[in-house]
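Input: a single structure, listed below in structure tokens.
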Amino acid sequence: MNLYEEMYKLVKQIPRGMVSTYGCVARALGDIRAARAVGIMLNQNPYKEVPCYRVVYSDGGLGGYATGVEKKIALLQRDGIEIRDGKIDLKKYLFDDFETTYPLKRLREEQERLRKRMRIEDDFEFSTVAGMDISYSKRYAYGAYVEFDREGNIIKKKVVKRKIDFPYIPTYLAYRELPVFSELIQNERPDVVMIDGNGLLHPRLFGVACHFGVVHDIPSIGIAKKKLCGEEREKSIFVNGRKVGVKVGKIYVSPGHRISVDSAVSITKRFMKYSMPEPVRQAHILANETRREDENP
DNA sequence: GCGACAG
DNA sequence: ATCTTGTCGC
């Protein structure tokens with residue numbers, strides 16, 4: 001799913017003489033949480049027929065414009081919209097009658113459906129562990145894969161480059177990153193994969209590490225630097241009363257698929273070095289290097 | 001103004 | 001995540 005295209009289709013529906021808001025467009029996408037992402041996607045809009053200037057703040061304030069707010073004001077006035085003290089009267093000009101299929105709602109339903117296949121019980125051999133991470137430039141994602149043997153030696157590295165077609169939206173990270181991870185795992189079969197992001201530690205109990213694990217039927221662990229949700233009590237994280245992960249040092253560890261919370265923690269600790277399990281840290285470094293070299297040949 | 005939501 | 005330089009300190 002290309003969320004950029006879905007959003008441009010919505011914004012094109014705002015008629016001349018009316019405006020909508022970042023939040024309204026986000027709701028039409030299916031989740032108010034995407035409001036910031038709407039702003040980011042509009043800022044990168046390449047189509048001149050998409051009237052970005054017709055999207056403003058929910059309090060009637062103008063918001064930003066890639067080529068300057070003055071330009072936004074001029075275009076709005078040309079449409080016949082009155083601006084008083086830098087604000088628009090939304091009671092008079094708001095458009096919120098989008099025709100939409102609520103794409104993000106469909107993705108949430110897919111997460112719930114895939115979650116039924118998720119197994120949080122140990123079901124893996126333990127000989128090799130791979131780490132995966134992604135580095136971003138304006139238009140591209142650079143994914144890296146680093147595989148270790150059980151003694152901690154690196155036995156394989158690979159990288160891929162791919163165009164970005166989905167913005168970062170909290171709780172939908174998998175839809176931004178999974179295409180890259182799927183490309184990386186082709187022809188590889190590590191016993192366990194560590195992903196930079198959460199697994200069970202997710203409001204719908206289905207973070208990117210779970211999503212990846214289920215789709216590829218590979219044991220996986222989520223490694224996050226920040227807590228997405230839940231309550232922390234003595235290093236354990238709970239979501240809806242369920243223990244979904246553990247804080248190990250400064251990172252949050254949660255199972256993805258085919259592994260228990262306890263095993264996810266013990267394997268993570270076994271590879272821990274510089275506050276981060278080496279497979280993920282090395283993948284992070286490799287992804288960054290690859291992006292920098294591609295940006296400055 | 002506060003709280004805050006992986007990357 | 002990215003934008004960004006040097007600098008202080010273990």
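Because only heavy atoms are used, hydrogens play no part in the values below, and waters and symmetry mates are left out as well, while side chains stay in. So you know, we letter chains A, B, ... as the sequences are listed, proteins then strands, and number each from 1.
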*asked:* Could you spell out the base pairing of DNA chain B as a dot-bracket line? Use Watson-Crick and G-U wobble contacts where both distances are under 3.5 Å, [ ] for crossing pairs, | for partners on a different strand.
replied: .......
*Rounded off to whole Å, could you give me the CZ-to-C1' distance for the Arg292(A) and dC3(C) pair?*
11 Å
*Would you classify Tyr136(A) as touching base, sugar-phosphate or nothing, given that sugar-phosphate means primed atoms plus P, OP1 and OP2, and contacts are heavy atoms under 4.0 Å?*
sugar-phosphate
*How many Å lie between CD1 on Ile164(A) and P on dA1(C), as a whole number?*
14 Å
*Give one of base, sugar-phosphate or nothing for Asn288(A), where a contact means two heavy atoms less than 4.0 Å apart.*
sugar-phosphate
_Electrostatic pair Glu6(A):Lys9(A) at N-O distance under 4.0 angstrom_ = yes
*Starting at CG of Leu3(A) and ending at C1' of dG7(B), how long is that distance when rounded to a whole Å?*
16 Å
*Could you tell me whether the phosphate oxygens of dG7(B), OP1 or OP2, come under 4.0 Å of any side-chain nitrogen or oxygen in Asn198(A)?*
no
*Return the value, rounded to whole Å, for the distance between atom OH of Tyr252(A) and atom C1' of dC5(B).*
13 Å
*Please work out whether the ring planes of His211(A) and Tyr175(A) are parallel, tilted or perpendicular, with thresholds of 30° and 60°.*
perpendicular
*Give, ordered by number, those residues of residues 216-230 of chain A having at least one heavy-atom distance below 4.0 Å to an atom of DNA chain B; if nothing qualifies, reply none.*
Ala224(A), Lys225(A), Lys226(A), Lys227(A), Leu228(A)
*Is the backbone of Gln186(A) close enough, under 3.5 Å, to the side chain of Arg189(A) for a donor and an acceptor to pair up by distance?*
no
*Is there a side-chain polar atom (N or O) of Ser135(A) under 4.0 Å from OP1 or OP2 of dT2(C)?*
yes
*Within this structure, what is the CD1-to-P distance between Ile134(A) and dA6(B), rounded to whole angstrom?*
16 Å
_Measure NE2/His284(A) against C1'/dA6(B) and give the value in whole Å, please._
14 Å
*Base, sugar-phosphate, or nothing: which does Tyr172(A) touch, judged by heavy atoms less than 4.0 Å apart?*
base
*So, the side chain of Lys247(A) versus the backbone of Ile237(A): is there a donor-acceptor pair under 3.5 Å, distance only?*
no
*State whether Arg36(A) places a side-chain N or O below 4.0 Å from either non-bridging phosphate oxygen (OP1 or OP2) of dA4(B).*
no
*For the side chain of Arg291(A), counting heavy atoms from C-beta on, which of dG7(B), dC5(B), dT2(C) is nearest?*
dT2(C)
